[in-house]
Amino acid sequence: MNQLYDVIIVGGGPAGLSAAYSAWENGAKKIIIIERDRELGGILQQCIHNGFGLHHFKEELTGPGYAHRCIELIKDKPEIEVLVDTMVLDVLRNKTVIAVSPAKGLLQLEGKTVILTMGCRERTRGAIRIPGERPAGVFTAGAAQRMVNMEGYLPGHKIVILGSGDIGLIMARRMSLEGCKVQAVLEICPFSNGLTRNIVQCLNDYDIPLHLSHTIVKIHGEGRVTGVTVSKVDEKMCPIPGTEFDIECDTVLLSVGLIPENELSRGLMLEMHPLTSGPVVDQHRQTSLPGFYAAGNVVHVHDLVDFVSEEAEIAGKFAALEAQGKLDKNMRTVKVNPIDGVRTCVPQKLSLPQGGEKAKLFMRVAAPQRKVRLEVKSGDTVLVSRMLPVAKPSEMIAVEIPAEKTALMGDEITVGLKQ
Amino acid sequence: MAVETKIMNCIMCPLGCEMTVTIEDGAVIDVKGNTCPRGAQYAKDEVTAPKRMLTSTVGIKGGLLPLLPVVSAAVLPKGKILECAAYLRNVTVQAPIKTGDVVVKDILGLGVDIVASRDMEKI
């Protein structure tokens, strides 16, 4: 079966769903979403807590609630086809997508454009090399979340959580609500990488201690975890001898970072960014390979799904326009360079038509700072300047550049912080 | 009169505004640093009667999954959250369920319903 799709979307999480809806709104006539799980919605289906959707749907929703909204938008549209329980094995540079499912066997789909929305996965114990025994009871926080919220199992009863990212904090509360005892949350950095609201409502509410600048130096247990040895770390994140103490537990949950899932992108030999671990994209979310777009956590890990949807809608729109031959081919490229305290910025480049085009930049800072000025500059000309009362690595900063300002740009712009 | 100021982070949305709250004799008289009115309301509630949303799961029979995610239709007293969560651990419903269906009416007599946060078709 060789059918030509306007847009093939790899991954049916929030990014894939939002991209599909936007592609449909922008005139694409033949769209397909390929999802490997048994249902659409991606990781949202296991994030049963609330706090989603305030920007995008102007309403506070749970994760499944947000997924439901996205699914409702694409449902019953003859132009949008959905394949679940289908794994994409390979994507070729000529926009052929090879997938397999128990129901349909091996599939080969041809697209005019492809949008990559595979999301991200968790770093594991192996990725951070925690020494000690190899007992059962060590899980990534997301795996435990799926067990507790969807599958109906408890991973353990007495919990230590390593890493204070949002998933770790949310799981600290979740395990407490299920009657478990969360002994402590340990964070190697001198600051938490989670949202402040989650420190308040997930840790403080349940009197769970957060040890900053601490890490696990040994996991104990034969067969099953019996405890961990924890040590304070110095400013280089090295354990300080003599500061060790033990915590008894039967389970260790790891919330130690997310990595964009880019096996397919690497297979396509897309230009990748070393810090975001995702493909380099322009403001349309087009990658280095024409016709291939990427959006959501596969490009850079977001803290809010609302921004994932926003980014995916952009990708969906421009993929749809390209499929219909409506995309301006005559564009110049402007490089975006993060400097002075800004660690990463997406998009990494802008593709500008004559007269410019409105663009939104999403940034992360390297370290927490107070009262700083964010400046977008072309040479010495300040294009956009904004005062930030607080800037934290855990909270993505978004800034919009009006079309008339983009017209003033040279071949590169910088985004940086100024005291 | 006892006047006290407290630094408090709003939890109403992911912005997490840092607010300076002035309290006089147990009542909030001033809130600074909030971006929207919800922040001021949160600060007042937090000082007098803290409230939280509750999200958890209940068992479900006959659906795609063994668990159904649920959410409180409104905020509950913070001190009652663990008790409500414990109550929900023993609740089981039957598929099909639609988003928004009431799973537990008036939980523990607190005047708040617990509703389904996703659809679960019967299989």
Side-chain angles (χ1 to χ4, degrees), chain A residues 38-39 41 44-55 60-69 71-72 146-154 166 170 173-179 194-202 204-206 302-307 370 389-390 392 394-396, chain B residues 7-19 33 35-36 38-39 42 46 50-61 63-75 78-79 81-90 92 97-100 115-121 123:
Chain A
R38 59 200 160 192
E39 58 179 344
L44 284 172
Q45 299 286 20
Q46 70 181 55
C47 300
I48 64 164
H49 53 283
N50 60 336
F52 302 92
L54 283 162
H55 292 273
E60 183 159 19
L61 300 165
T62 64
Y66 192 103
H68 178 73
R69 290 292 185 87
I71 293 167
E72 286 292 308
R146 190 170 169 108
M147 289 167 76
V148 176
N149 293 347
M150 296 181 81
E151 314 291 348
Y153 304 102
L154 270 188
D166 287 312
I170 293 287
R173 174 176 62 183
R174 186 71 194 114
M175 298 311 291
S176 305
L177 290 175
E178 286 298 331
L195 297 173
T196 312
R197 70 189 305 237
N198 287 335
I199 307 269
V200 174
Q201 61 185 349
C202 298
N204 301 354
D205 276 8
Y206 298 91
H302 293 63
D303 28 75
L304 299 185
V305 67
D306 303 72
F307 286 163
R370 278 174 180 276
V390 190
K392 296 180 189 173
S394 58
E395 294 174 13
M396 203 184 269
Chain B
I7 302 290
M8 202 184 269
N9 280 99
C10 180
I11 63 166
M12 298 312 286
C13 87
L15 272 182
C17 295
E18 190 178 286
M19 309 184 291
T35 317
C36 77
R38 303 203 312 155
Y42 168 77
E46 200 61 12
K51 297 182 179 81
R52 295 289 185 269
M53 293 290 285
L54 170 63
T55 56
S56 191
T57 55
V58 298
I60 186 164
K61 294 225 180 303
L64 175 70
L65 305 176
L67 294 179
L68 176 75
V70 295
V71 58
S72 57
V75 284
K78 185 174 134 184
I81 288 286
L82 279 173
E83 215 179 308
C84 291
Y87 179 85
L88 291 175
R89 287 206 287 279
N90 296 314
T92 301
I97 289 277
K98 285 276 177 209
T99 302
V115 301
S117 56
R118 64 166 283 172
D119 293 357
M120 191 79 73
E121 278 170 36
I123 53 162

Self-check item: Heavy-atom neighbours of Glu121(B) CD exceed 12 at 6.0 Å
Solution: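 Result for CD/Glu121(B): open.
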Practice problem: Might you confirm whether atom OH of Tyr206(A) has over 12 heavy atoms from other residues, nucleotides or ligands at distances under 6.0 Å? | Solution: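 Buried by this count: over 12 neighbours within 6.0 Å.
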Exercise. Report the C-alpha distance between Gln201(A) and Asn9(B) in whole Å, list the side-chain angles of each, state the deciding distance to 0.1 Å, and finish with yes or no for side-chain contact (heavy atoms from CB on, under 4.5 Å).
Key: CA-CA 10 Å; Gln201(A) 61 185 349; Asn9(B) 280 99; over 6 Å; no
Minimum heavy-atom distance [X]-[Y], with the two atoms named:
| X | Y | answer |
| --- | --- | --- |
| Asn50(A) | Met53(B) | ND2-CG, 3.3 Å |
| Met150(A) | Leu67(B) | N-CD1, 3.9 Å |
| Ser56(B) | Ile48(A) | O-CD1, 3.4 Å |
| His49(A) | Thr55(B) | CA-OG1, 3.3 Å |

[atom1]-[atom2] distance between [X] and [Y], expressed to the nearest 0.5 angstrom:
| X | Y | atom1 | atom2 | result |
| --- | --- | --- | --- | --- |
| Gln45(A) | Ser117(B) | CD | OG | 9.0 Å |
| Thr196(A) | Ile11(B) | OG1 | CD1 | 11.5 Å |
| Ile81(B) | Leu177(A) | CD1 | CG | 7.5 Å |

Quiz item: Top residue by heavy-atom pair count (under 4.5 Å) with chain A, among Pro66(B), Gly16(B), Ala86(B)?
Solution: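 Of the candidates given, the most pairs with chain A belong to Pro66(B).
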Quiz item: Which bit of Val148(A) comes within less than 4.5 Å of chain B, counting heavy atoms only: side chain, backbone, both or neither?
Solution: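 The backbone, not the side chain.
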Heavy-atom distances under 4.5 Å only: say whether [X] touches chain A with side chain, backbone, both or neither.
| X | value |
| --- | --- |
| Cys10(B) | backbone |
| Leu64(B) | side chain |
| Thr99(B) | side chain |
| Leu88(B) | neither |
| Met12(B) | backbone |

Quiz item: In terms of heavy-atom pairs under 4.5 Å, which option from Glu60(A), Arg38(A), Glu178(A) contacts chain B the most?
Solution: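 Counting heavy-atom pairs under 4.5 Å, the top option is Glu178(A).
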Quiz item: Is there side-chain contact between Arg370(A) and Glu18(B), with at least one heavy-atom pair below 4.5 Å?
Solution: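 In contact.
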Quiz item: Taking only residues two or more places apart in sequence, or in another chain, which ones meet Asp205(A) in a side-chain hydrogen bond (donor to acceptor under 3.5 Å, both in side chains)?
Solution: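 Once residues adjacent in sequence are excluded, the partners of Asp205(A) under the side-chain hydrogen bond (donor to acceptor under 3.5 Å, both in side chains) criterion are Arg52(B), Lys78(B).
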Practice problem: Under the salt bridge (Lys or Arg N to Asp or Glu O under 4.0 Å) rule, collect the residues that match up with Arg69(A), sequence neighbours excluded. | Solution: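 Counting only residues at least two positions away or on another chain, Arg69(A) forms a salt bridge (Lys or Arg N to Asp or Glu O under 4.0 Å) with Glu59(A).
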Quiz item: Can any side-chain N or O of Arg118(B) pair as donor or acceptor with the backbone N or O of Gly63(A) at less than 3.5 Å?
Solution: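 Such a contact is absent between Arg118(B) side chain and Gly63(A) backbone.
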